[in-house]
Amino acid sequence: MALTTGIINGSDLKIMMVANASPEADGIVIDNVTDCSISVTNEFRDSTVKANAGYKALLPGMTSATLNFSAMYASKAAGTGTSFEDVSAFQLNKTKLDIYFTHVIGSAAAANAGDFEYKVLGYIESLELTGGTEDNATYTCSVQIVETIVRQVIPA
């Protein structure tokens with residue numbers, strides 16, 4: 001496939017997780033995602049000296065990042081799909097994860113070759129399961145990214 005041009009449909013953004021150093025094929029694509037985001041923050045360090053004439057001078061310092069998503073909670077049939085329990089197992093075992101924030105068009109089985117994806121390493125920081133009265137059960141997940149974010153072309 002070729003690089004998607006124009007505005008990307010947010011429904012085509014997907015999250016895939018795999019235990020660090022495991023084959024990508026062993027990963028799980030998170031089912032029933034309703035929203036997902038990646039957030040990067042640069043902290044700054046003060047480098048003000050008297051010669052700055054009263055203006056604050058800053059230089060870049062540490063970078064931190066988080067990846068968040070929400071999904072509908074659904075039970076899974078044996079050997080099909082992913083579930084809250086799969087994600088919870090990663091958290092409870094304190095598994096370092098390779099996570100792909102990727103672009104899968106519609107109901108395609110694989111990421112869209114030629115487009116970009118973000119590969120990060122991180123740990124699940126928080127996981128919350130919620131169910132309101134007569135409402136859909138949902139869960140939210142926050143991942144603390146612990147190493148450099150890699151923006152890469154999705155291979156064919």
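Because only heavy atoms are used, hydrogens play no part in the values below, and waters and symmetry mates are left out as well, while side chains stay in. Along the sequence shown, the residues carry numbers beginning at 1.
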**Q** Kindly indicate, with the supporting measurements, whether the criterion side-chain contact (heavy atoms from CB on, under 4.5 Å) is fulfilled by T138 and T34.
**A** CA-CA 9 Å; T138 61; T34 57; 5.9 Å; no
**Q** Please check if V33 and I154 belong to a single hydrophobic cluster, counting links between Ile, Leu, Val, Met, Phe, Trp and Tyr side chain heavy atoms closer than 4.5 Å.
**A** no
**Q** I need the minimum non-hydrogen distance between I30 and A71, along with the two atoms involved.
**A**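 Nearest pair, atom of I30 first, then A71: CG2-CB, 4.5 Å.
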**Q** Any sub-3.5 Å donor-acceptor pair from D115's side-chain atoms to T4's backbone N or O?
**A**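 Side chain of D115 to backbone of T4, a donor-acceptor pair under 3.5 Å: yes, one is there.
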**Q** Would you compute the distance between atom CD of Q152 and atom CD of E117 and round it to the nearest 0.5 angstrom?
**A**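 With rounding to 0.5 Å, CD (Q152) is 4.5 Å from CD (E117).
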**Q** Could you walk me through whether V104 and D12 pass the side-chain contact (heavy atoms from CB on, under 4.5 Å) test, one step at a time?
**A** CA-CA 5 Å; V104 178; D12 292 340; 5.9 Å; no
**Q** How long is the straight-line distance from CD1 of I15 back to CG of D35, given to the nearest 0.5 Å?
**A**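 Result: 9.5 Å between the selected atoms.
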**Q** Roughly how far, to the nearest 0.5 Å, is CG of D26 from CE of M17?
**A** 15.5 Å
**Q** Do V120 and Y123 sit in one hydrophobic cluster, given that two such residues count as connected whenever their side-chain heavy atoms are within less than 4.5 Å of each other, even indirectly?
**A**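 No; tracing contacts between hydrophobic side chains, which count when under 4.5 Å, never links both residues.
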**Q** Please report the interatomic distance CZ(F116) to CZ(F101), rounded to the nearest 0.5 Å.
**A**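 With rounding to 0.5 Å, CZ (F116) is 15.0 Å from CZ (F101).
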**Q** With no hydrogens and no angle check, is any side-chain donor or acceptor of N93 less than 3.5 Å from a backbone partner on T95?
**A**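 Such a contact is absent between N93 side chain and T95 backbone.
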**Q** Which is it for L67 and Y118 under the side-chain contact (heavy atoms from CB on, under 4.5 Å) test, yes or no, and what are the steps along the way?
**A** CA-CA 10 Å; L67 183 142; Y118 296 89; over 6 Å; no
**Q** Check step by step if side-chain contact (heavy atoms from CB on, under 4.5 Å) holds for I145 and T66.
**A** CA-CA 5 Å; I145 297 171; T66 56; 5.7 Å; no
**Q** Let me confirm one number: the CG-OG distance from N68 to S142, rounded to the nearest 0.5 Å.
**A** 4.0 Å
**Q** When you group the ILVMFWY residues by side-chain heavy-atom contacts below 4.5 Å and let the links chain together, are F69 and I8 in the same group?
**A** yes
**Q** As a quick check of understanding, evaluate side chain to side chain donor-acceptor pair (under 3.5 Å) for T48 and D46, giving each step before the final call.
**A** CA-CA 6 Å; T48 307; D46 190 346; 2.5 Å; yes
**Q** Let me confirm one number: the NZ-CG distance from K119 to D98, rounded to the nearest 0.5 Å.
**A** 4.5 Å
